[in-house]
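Reminder, nothing fancy here: chain letters follow the sequence lines and each chain counts from 1.
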Number of protein chains: 2
Amino acid sequence: MNRPIQQRTLKTRARLLEAATEVISEAGYEALRVEQVVQRAGVAKGTFFAHFRDKDALMDQLIGARMDGFLDQIDRLPPPQSVDEIVAALMPLMSFMTCERYVFDLILRYSGAAARADIGPIAMTFERHGQSMARWLSGGPFRSDVSPALLAEGVQAFAIQAMALSFCALHADAPFQARLAEYLRAWLLPVSGGAGSGR
Amino acid sequence: MNRPIQQRTLKTRARLLEAATEVISEAGYEALRVEQVVQRAGVAKGTFFAHFRDKDALMDQLIGARMDGFLDQIDRLPPPQSVDEIVAALMPLMSFMTCERYVFDLILRYSGAAARADIGPIAMTFERHGQSMARWLSGGPFRSDVSPALLAEGVQAFAIQAMALSFCALHADAPFQARLAEYLRAWLLPVSGGAGSGR
DNA sequence: AATAATTATTGACCGCGGTCATTTTAGATG
DNA sequence: CATCTAAAATGACCGCGGTCAATAATTATT
């Protein structure tokens, strides 16, 4: 029969999360070692894995929470009326997503939930981001020949492309913001239909 | 002083690559263990790492080679004249890129070279793919208000988005091809410019 | 309060990628 | 052929994520 969750459990989990946050703030995400976290939290290694499926699951929690904070900021903004405003609005979130190569790679891996069962925090933020984006794009001075939902997916695709290229050895020339703005202008404000010959 | 490369070296590397290929064909990419590869190749573990920086570097080689094969096929095709033809042309490559979650993640990680110094085989294929794509899109019945190079980047971004969503727990509904076709129609054949009010 | 049934914690242990001081081998030199 | 030297190969070792049978702590039952 389902017994209630023990307070001990909540306390231990909180201590683990706090310890992890400390380690990250001191050394960054990539440098985090599970052993270091459990040592700080004063628990055994096995306890960690009783609370988180694996190290990535902890990262999913922590990184997802940070992303959610940036989405809160975004949702407080008035709908942007230009590509430049969109880019500006997205910048804080994007900056965080690219703060470390390790973080970006992990976000990509978890952007669509790994297993069918558990959709994690990061996957949720992508969902949320898509919805906010669709809301924005349904009202503004942007193209209307495709659905706002599709426009939003495109914005996500281009944002990821721009972020990925900012890590890229080739194409390290153009700054991230300029590239994203170029993409979004072409995506959200197309000028003509067909090629040389009219349609 | 620079002595010539010993034949022993080439032979050992070839044996390692062959052994790795065998293991993969039997158990898939994700299941590959370095220890198993060196055992089959009849060399010590350390030897492996004298030939490949790490396990990922081996994967970069092998996966990059496979991708290059598919690109050869693509380059033999006549320039497609519709979105459906583009999707059809890209399918074999895409299918391989998504044959395993592990493979897709690794490709993403290596799509823009990891370190500034060494651009690996996978990164090269992305470059090549972009160029082939730009060539295709500069002639056909596609939009001409942005450069073929930019169009090509968009196709890559949408292809990656479509592949990623095919692994996604949410959005596992629409089949991969249909989604990509929808993206590319919106990207390559936009109908109007602004929203409700004309521009 | 004593006992039973669950749940949480522990830490020795494992798998596997990667390292490095040491040894072996290939090939140039006298 | 003997000798010397740079390159290649070796395998014991390490770091670190993750497991699991055993133990401790908590809650329900009498």
Taking for A/D56 and for B/G46 the nucleotide of DNA chain D with the nearest heavy atom, the one nearer the 5' end belongs to B/G46
With a 6.0 Å cut-off (strictly less than), is the heavy-atom count around CD of B/E35, excluding the residue itself, greater than 12? no
Let me know the distance between CZ of A/F49 and C1' of D/dA21, rounded to the nearest Å. 17 Å
Among D/dG18, C/dT9, D/dA9, which nucleotide sits nearest the side chain of B/H51? D/dA9
Any side-chain heavy atom of B/I86 within less than 4.5 Å of one from B/M133? yes
Between C/dA8 atom P and A/L16 atom CG, what is the distance in whole Å? 14 Å
Can a donor-acceptor pair be found between the side chains of A/T125 and A/D68 at a distance below 3.5 Å? no
To the nearest 10°, let me know how far the axis at one end of the helix from C/dA1-D/dT30 to C/dG30-D/dC1 is tilted from the axis at the other, five pairs an end. 10°
Give a yes/no on whether any side-chain N or O of B/T12 is located under 4.0 angstrom from OP1 or OP2 of D/dA8. no
For the side chain of A/A44, counting heavy atoms from C-beta on, which of C/dG17, D/dG18, C/dG11 is nearest? C/dG11
Provide, to the nearest angstrom, the distance between the CD1 atom belonging to A/I5 and the C1' atom belonging to D/dA25. 17 Å
Could you work out which one of C/dG18, D/dG17, D/dA8 sits closest to the side chain of B/T9? D/dA8
Would you mind reading off the distance between B/E35 atom CD and D/dG11 atom C1', rounded to a whole angstrom? 11 Å
Here the distance between atom P of C/dC20 and atom CZ of B/F48, to the nearest Å, is 17 Å
Tell me: NZ of B/K45 to P of D/dC13, nearest whole Å? 14 Å
Using a cut-off of less than 4.0 Å, is there contact between a side-chain N or O of B/R8 and OP1 or OP2 of D/dA8? no
What I want to find out is whether B/R185 reaches B/D84 closely enough, with some N-O distance under 4.0 Å, to be called a salt bridge. yes
Kindly indicate whether the side chain of B/K55 and the base of C/dG18 share any N or O donor-acceptor pair separated by less than 3.5 Å? no
Pick base, sugar-phosphate or nothing for A/L32, based on heavy-atom distances below 4.0 Å to the nucleic acid. sugar-phosphate
Just checking B/Q39: does its CD atom have more than 12 heavy atoms from other residues, nucleotides or ligands closer to it than 6.0 angstrom? no
Protein-nucleotide distance (B/L10, atom CG; D/dA8, atom C1'), rounded to Å: 12 Å
Counting only side-chain heavy atoms from C-beta out, which of C/dA26, D/dG11, C/dT9 sits nearest to B/Q6? C/dA26
For B/T47 and B/Q7, find the nucleotide of DNA chain C closest to each by heavy atoms; which residue's nucleotide sits nearer the 5' end? B/T47
Could you tell me whether A/D105 and A/R101 make a salt bridge, using a distance below 4.0 angstrom between a side-chain N and a carboxylate O? yes
Look at the rings of A/W187 and B/W187 and say which category their plane angle falls in: under 30° parallel, 30 to 60° tilted, over 60° perpendicular. tilted
Thinking salt bridges, do B/R128 and B/D72 make one under a 4.0 Å N-O criterion? yes
I need the CD-P distance between B/Q39 and C/dC16, as an integer number of Å. 12 Å
